[in-house]
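Okay, structure first, notes after.
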Amino acid sequence: MAILVTGGAGYIGSHVVKELLDNGEEVLVLDNLETGHKEAVLGGKLFIGDLRDEKFLTDLFRKNDIEGVIHFAASSLVGESMKNPYKYYENNVYGTLCLLKQMVAHRVHKIVFSSTAATYGDPVEIPIKEDHPTNPTNTYGETKLAMENMFKWFSRIHHIDYISLRYFNAAGADQSGRIGEWHEPETHLIPNILRAALNKDTVKIFGDDYPTRDGTCIRDYIHVTDLAEAHILAFDYLRRGKGSNIFNLGSQNGFTVKEVIETAQLVLGKEIKAEVAPRREGDPAVLIASSERIKEELGWQPKYSHMETIIDTAWNFIKKHPNGYS
Ligand code: UDP
């Protein structure tokens, strides 16, 4: 039986596909390639299409023997979600509803879901645990929370077991340098720092007047290979019939924007120009996860999430792909 990975041509999805293949799993990838790259899919069978295309999705479920789903396919830019909420509700919430319809119809009862720290909103307690209140401050986080709630009810009513993985800041690239993070436009800090280093540009620091040790925002960066490993463990948890759960995924270490830039200069051995720019709307000062629950329940241990390793692997990918996958 196969595992269906929706959004498997995207940044995190493609790393999970690689881990699944390395573990000998049969993998089906569904991606509409709106933001994904077919070159990032290192194996398995790729189906190019959209969750909202009922005929396409019905055919896929009818013609393949699907054991469970790992669900990434979604729009995921916070800024865009605040300009175009329709797109986020339509693609994320309605797209997931279409998927659940097929899962119910074809008796597929396992799903691992790619969720986000954005479901929490502004933290009232640091580190953030899974029982922290969920008050998203943007449409993106709100749609991911809506999707989690859909799984909760489908689980109760249709016995679909789900694991929701709430990522903090995914970063880094596979050790091979074959796959990594490539978005156009890029909004994330680490790829922006590395592109600035590559193109002799200046990276912008969004605000240096936050109540933190150096005035810049603190985030919890987690290596994408450690994230991928968590999906394998989560799917295994479902296979063992352990039921549904929600887990945070972070490294429990906070880095300021300035510290990330300093580490990048050390790893790359070159100066990276940076300038302070206004705060970016909606950025909380500090986001750090408690990942104790997944460590205890799944035995997950991050192995690659030192900032040096994150930057080194991301740099290796960017040097090999200075113009992305094209
Ligand atoms: N950031 C920055 N310059 C950039 C991109 C991001 O200063 O070019 C900051 C951003 O304000 C945030 C942190 O870096 O405090 C991480 O941002 P990112 O977009 O990577 O992830 P987010 O935490 O928003 O999911």
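As the structure lists them, so they are numbered: ligands from 1, and atoms in each ligand from 1. Residue indices begin at 1 and follow the sequence shown.
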Could you walk me through whether Lys242 and Glu297 pass salt bridge (charged side-chain N to carboxylate O under 4.0 Å, His left out), step by step? CA-CA 10 Å; Lys242 296 282 197 180; Glu297 300 244 355; over 6 Å; no
For ligand 1, which atoms have a heavy atom of Lys204 less than 4.0 angstrom away? 2 (C), 3 (N), 4 (C), 7 (O), 8 (O)
Report, in ascending order of atom number, the atoms of ligand 1 lying under 4.0 Å from any heavy atom of Ile205. 7 (O)
Show every salt bridge (charged side-chain N to carboxylate O under 4.0 Å, His left out) that has at least one partner inside residues 219-231, sequence neighbours left out. Arg219-Asp283
Does [X] reach ligand 1 with a nitrogen or oxygen that is under 3.5 Å from one of the ligand's nitrogen or oxygen atoms?
X	answer
Phe206	yes
Val257	no
Asn192	yes

Considering heavy atoms of the protein only, find what lies nearest to [atom] and give residue, atom and distance to 0.1 Å.
atom	answer
atom 21 (O) of ligand 1	Asn169 ND2, 3.0 Å
atom 19 (O) of ligand 1	Arg280 NH2, 3.0 Å
atom 16 (C) of ligand 1	Tyr221 OH, 3.6 Å

Flag for Glu148-Thr119: side-chain donor and acceptor within less than 3.5 Å: no
Under a 4.0 Å N-O cut-off, is there an ion pair linking Lys101 with Glu54? yes
